[in-house]
Amino acid sequence: MAVEIPSLIKPSKLRSRGGLLGECLAEFLGTFVLISFGCGVVAMAVAALPGSGRAATTTTIFLAAGDWLLITWGWAMAVMLGVYVAGGISGAHLNPAVTLAMAVRRGFPWAKVVPFVFAQVVGAFTGAALVYLVYHNAIDAFDATVPGPKVNGHTNATFSIFATFPAPYFHGGIWGPLIDQIAGTAFLLMLIAAVLDVRNQAVKANLAPLIVGFIVAAIGMSYGANAGYAINPARDFGPRLFTWAAGWDSLAFPGSVSGSFSAYWWIPIVGPLIGGVIGILVYDLFIGDALVVRDELARLPEPGRSRPVKSVEEGEEF
């Protein structure tokens, strides 16, 4: 219900939040919501459901496609909620790859890129801290039950609640996960550009956050298993930084598991940044430019006229 709500703080003291500071605070809170629900759903699947007796055993995870659907739909709703929270203030980038792509092709001020990214990373770190605060008992119980290898008593399974790692079939290689992150984020930005393009079939009635959530779900269902579909440097780096501080050590930085992969931490950062720019460029090359041309052609006068003429009675162009 729309009602006029008085501000908690006197308007005279809020003027600084009408600009960049307010936008960064919105990015912080939106990303905090994103990670709180996104990492929260993974904590449910990995540690809380098995540990609470709601799975076949105390270590039963990911034995069916439905387990993965829980993750993908959970992250979809997390993105949707974060965008609804921050969209009216900052545009709800919530992702350095989105911020960079918008600066490259949508006129977003370059001076705001670093502050936005900083706010996103801090929001992601704080969201991860909340998830750990809520689920640390379940996490500790899971780590105690599962056999090694362990780092400071923690397993890679519980690390996956917070950040991403590559599948074993890459055998520690770099290019497979890097290409995966580039492709997944390229799709993300390509589809976001389509959803927001008013010349295209832009989403109406404030449903864009819901559709963006569906986009993330689709990417997770189609491209998620290779490397955990981070597709967002802040989403991976912020929680990764928290887990490093909380005791996961080398599992977080440099992101290594003996015999599986090493120094993985940079791939969910570099891959999405490259992929985001590629995605929005591809959209503009194949679709955006064509829509601009069609819009310009529609505004041209009819042959033989120097400019559109309006009817005196109807006031319409013909």
Side-chain angles (χ1 to χ4, degrees), residues 30-31 33-85 94-95 97 124 127-128 130-132 134-135 138-139 141-142 146 155-170 176-177 179-181 183-192 194-195 203 207-232 234-236 239 268 271-272 275 279:
T31 311
V33 170
L34 164 65
I35 298 302
S36 296
F37 282 89
C39 289
V41 74
V42 187
M44 280 282 290
V46 170
L49 288 175
S52 65
R54 293 177 174 86
T57 72
T58 57
T59 59
T60 299
I61 57 172
F62 297 120
L63 293 184
D67 298 324
W68 188 249
L69 289 177
L70 172 65
I71 301 295
T72 55
W73 282 119
W75 274 107
M77 289 185 282
V79 170
M80 177 193 72
L81 295 173
V83 175
Y84 270 124
V85 165
L94 314 185
N95 183 340
L130 176 65
V131 170
Y132 182 75
V134 173
Y135 284 112
I139 290 170
F142 184 90
V146 176
T155 63
N156 197 48
T158 55
F159 170 75
S160 72
I161 292 170
F162 300 97
T164 62
F165 62 92
Y169 45 71
F170 288 119
I179 291 171
D180 171 85
Q181 287 299 291
T185 316
F187 276 122
L188 175 67
L189 265 296
M190 183 194 309
L191 296 168
I192 287 176
V195 167
V203 177
L207 290 176
L210 176 62
I211 303 304
V212 173
F214 287 162
I215 291 169
V216 172
I219 293 171
M221 292 174 191
S222 299
Y223 292 93
N226 276 342
Y229 75 112
I231 58 174
N232 180 341
R235 170 264 174 278
D236 191 87

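Fair warning: this is a prediction, and the values are worked out from it, not measured in the lab.
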Problem set entry | Y223 and F187 aromatic centres sub-6.0 Å |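 Distance test on ring centres: under 6.0 Å, yes.
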For this session: Evaluate side chain to side chain contact (heavy atoms under 4.5 Å, CB included) for V146 paired with T158, printing each intermediate quantity in order.
Result: CA-CA 10 Å; V146 176; T158 55; over 6 Å; no
[X] versus [Y], closest heavy-atom pair with distance:
{"X": "P166", "Y": "P177", "result": "CB-CG, 3.8 Å"}
{"X": "V42", "Y": "S160", "result": "CG1-O, 3.7 Å"}
{"X": "A76", "Y": "A217", "result": "CB-CB, 3.6 Å"}
{"X": "P268", "Y": "A230", "result": "CB-CB, 4.0 Å"}
{"X": "V131", "Y": "G40", "result": "CG2-N, 3.8 Å"}
{"X": "A124", "Y": "A234", "result": "CB-O, 3.2 Å"}

Exercise. Tell me, do L94 and V83 make a side-chain contact under 4.5 Å, heavy atoms counted?
Worked result: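 Contact flag for L94/V83 side chains = yes.
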Exercise. Do I35 and F162 have side chains that get closer than 4.5 Å, going by heavy atoms?
Worked result: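 No, every pair of side-chain atoms sits at 4.5 Å or beyond.
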Problem set entry | Partner residues of T72 under the side-chain contact (heavy atoms from CB on, under 4.5 Å) criterion, sequence neighbours left out |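 Here the qualifying residues are W68, L69, M221, Y229.
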For this session: Applying side-chain contact (heavy atoms from CB on, under 4.5 Å), name anything that partners V33, two or more places apart in sequence or on another chain.
Result: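 Testing V33 for side-chain contact (heavy atoms from CB on, under 4.5 Å), a comparison that skips the adjacent residues, returns F37, L81, V85.
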Exercise. Side chain to side chain contact (heavy atoms under 4.5 Å, CB included) between F159 and N156: does it pass, once the steps are laid out?
Worked result: CA-CA 5 Å; F159 170 75; N156 197 48; 3.6 Å; yes
Problem set entry | Test log, rule side chain to side chain contact (heavy atoms under 4.5 Å, CB included), inputs N232 and L34 | CA-CA 11 Å; N232 180 341; L34 164 65; 4.0 Å; yes
For this session: Tell me, please, which residues at least two apart from Y84 pass ring pair (Phe, Tyr, Trp, His ring centres under 6.0 Å).
Result: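 Once residues adjacent in sequence are excluded, Y84 has no partner under the ring pair (Phe, Tyr, Trp, His ring centres under 6.0 Å) criterion.
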Exercise. Between CD1 of I219 and CH2 of W75, what distance do you get to the nearest 0.5 Å?
Worked result: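 If we round to the nearest 0.5 Å, I219:CD1 and W75:CH2 are 13.0 Å apart.
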Problem set entry | Reported CG-to-CD1 distance for the pair N95 and I192, which is rounded to 0.5 angstrom |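 Output value for this atom pair is 7.5 Å.
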For this session: Using the six-membered ring wherever Trp is involved, compare the ring planes of F214 and W73 and label them parallel, tilted or perpendicular (cut-offs 30° and 60°).
Result: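 Correct class here is perpendicular.
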For this session: Apply the side-chain contact (heavy atoms from CB on, under 4.5 Å) test between I215 and each candidate in L191, V79, L210; give the one that qualifies.
Result: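 Going through L191, V79, L210 one by one, the side-chain contact (heavy atoms from CB on, under 4.5 Å) with I215 is satisfied by L191 alone.
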Exercise. Hey, is the main chain of G176 close enough, under 3.5 Å, to the side chain of N226 for a donor-acceptor pair?
Worked result: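 Here the side-chain-to-backbone pair does not exist.
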Problem set entry | Full working for side chain to side chain contact (heavy atoms under 4.5 Å, CB included) between V212 and M80 | CA-CA 7 Å; V212 173; M80 177 193 72; over 6 Å; no
